[in-house]
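The structure under discussion appears below in the form of structure tokens.
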Number of protein chains: 2
Amino acid sequence: MITLPDTASPLYEKVKDYILANIGTGRWGKDRKLPSENELVASLGVSRMTVHRALRELTSAGFLIRLQGVGTFIAPPRPQSTLIEINNIAAEIVERGNRHRSEVLVLETIMPAKELALSFEFAKRVSIYHSVVVNFENDLPVQLEERFVNPSLIPDYDKQDFSKTATYDYLMQKTPVTEVEHIISAIPADAETARHLGIDVGACCLFLHRRTWTGAVVATISKLTYAGSRYSLGSRYSPSKSS
Amino acid sequence: MITLPDTASPLYEKVKDYILANIGTGRWGKDRKLPSENELVASLGVSRMTVHRALRELTSAGFLIRLQGVGTFIAPPRPQSTLIEINNIAAEIVERGNRHRSEVLVLETIMPAKELALSFEFAKRVSIYHSVVVNFENDLPVQLEERFVNPSLIPDYDKQDFSKTATYDYLMQKTPVTEVEHIISAIPADAETARHLGIDVGACCLFLHRRTWTGAVVATISKLTYAGSRYSLGSRYSPSKSS
DNA sequence: CTGGGTTAAAAGTATATACATGTATGTATG
DNA sequence: CATACATACATGTATATACTTTTAACCCAG
């Protein structure tokens, strides 16, 4: 019978701490199999639901792997991963104490080309919104933002004044994002990009391709080009604090 | 009385889906306050524990905010964020069914320059390990990997044969990472990088700067340069499934 | 020895119940 | 009018119980 510490934290947290403390110490053998829920119930003197909650939360935090009918195991060391917050660029600029301004180059309704319609996973051709906006930080262009928007989810997209409301803010209000895909690459600026961002043709740019889903439907496709030398994406992440 | 769909998924998932479907539709008023647990119990005909679990998981996924004694509210729109898995490049290449090979260019002990010592947050100058490795995918160089390693945490780093074990694998075995910082940018290849990666000087490269911590101590600093046209970082992320 | 059914054990889910804890509100009292 | 208390209501936690689903091991018949 093990006695858990007499602190103020809830019981399931104490059970989590107890288990975490025993992970990696070799206490649970070379097959890394934990005691069953019922064994933990017996040894810790708490109810099975409490043990189950602790184990479930540690599992969703990536520390454990559970197999129904088999048992609970210590998860293999996780790959390095990081939460990159790809923020609203307007908010980011303001947060740095600088002035944000945007300039709308294009705001139209188009019939998508075949490749684009494929990206939207459309069965048949329907028209979509298309916008191109340049974002400035203190009158210096830093990001070229091209967006394609599914009108069935965001019907009034073309009625907005995006020199006032950031496109990002508008979209986030309108539709809940259930899934996001990002592809980050480095590309040389083409003539048009170079002109809009005020950089040389062929200069290095960070290019971010994003698709967002609302349910099973692709809501938006964004192509964000960051003026290379003026921008980078950063993040700091504590794996252990994600539980 | 609302009837939940008659699917195979567990009840608490149906409750989560029901709540998610009603977020953003304005169904829950301009103060964005959800019905209380007991009201949901009455309207959905499930037990309070099941409703509670659904609400708790949606809260930890960031969709809701709960205040004890007050109620449950729709969380303000989150910044779009994504989990970028910056994987072991060797594993990634193998997973694509290709052949991975690496070539060690440098493996030495050096006294860090001032800037580097600062990055390590060293109080006084101590020597560190320095390695430069090129990673090949089917004999095509794709990544230049420069690493600086804190010898107090990984004392045998320079004894390894990194043409056999990937540096990543070795480091992951040796030290638990408690915190990671990434900075991603796009840079033109300098002469040396261009030579090692077999690309033109000035060609666009994705550049990833990573620092990892073990406790309060900086364990490693990595500078990874990806041959631009040959590589991109991708991710797909479901916010609702991160509970 | 092999195949198949039985059984035991493990995690997964769902409920009813109880009590704890935090917040807002209304009311009585000074 | 203001403070303090009581109260109602919200979420938070803990337990006992029951049933389900999945897996592995065992035993037995062929």
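Every chain is numbered from 1 and lettered A, B, ... according to where its sequence line falls, protein lines coming before strand lines.
If one axis is set at each end of the helix from dC1(C)-dG30(D) to dG30(C)-dC1(D) from five pairs, those axes are 10° apart, to 10°.
Legend: residues meeting side chain to side chain contact (heavy atoms under 4.5 Å, CB included) with E103(B), ordered by chain and number and at least two apart, are R101(B), L105(B), F136(B). For H130(A), the ring pair (Phe, Tyr, Trp, His ring centres under 6.0 Å) test picks out F148(A), with sequence neighbours left out. Take F207(A) and apply the ring pair (Phe, Tyr, Trp, His ring centres under 6.0 Å) test, not counting sequence neighbours, and it matches no residue. With sequence neighbours excluded, no residue forms a ring pair (Phe, Tyr, Trp, His ring centres under 6.0 Å) with Y12(B). Listed by chain and number, the residues in a side chain to side chain contact (heavy atoms under 4.5 Å, CB included) with D156(B) are K159(B), Y170(B) (sequence neighbours excluded). Residues forming a side chain to side chain contact (heavy atoms under 4.5 Å, CB included) with V94(A) (at least two apart in sequence, or on another chain): H100(A). With sequence neighbours excluded, no residue forms a salt bridge (charged side-chain N to carboxylate O under 4.0 Å, His left out) with E39(A). T3(A) meets the side chain to side chain contact (heavy atoms under 4.5 Å, CB included) test with no other residue; sequence neighbours excluded.
Nucleotides of DNA chain C lying under 4.0 Å from heavy atoms of chain B occupy a range whose first and last members, 5' to 3', are dT13(C) to dT23(C).
Nucleic acid contact class of R53(B) (heavy atoms, under 4.0 Å, all strands): sugar-phosphate only.
Of the residues in residues 33-47 of chain A, those lying under 4.0 Å from DNA chain D by heavy-atom distance are V46(A), S47(A).
Judged as a salt bridge (charged side-chain N to carboxylate O under 4.0 Å, His left out), not a single pair has a partner in residues 214-223 of chain B (not counting sequence neighbours).
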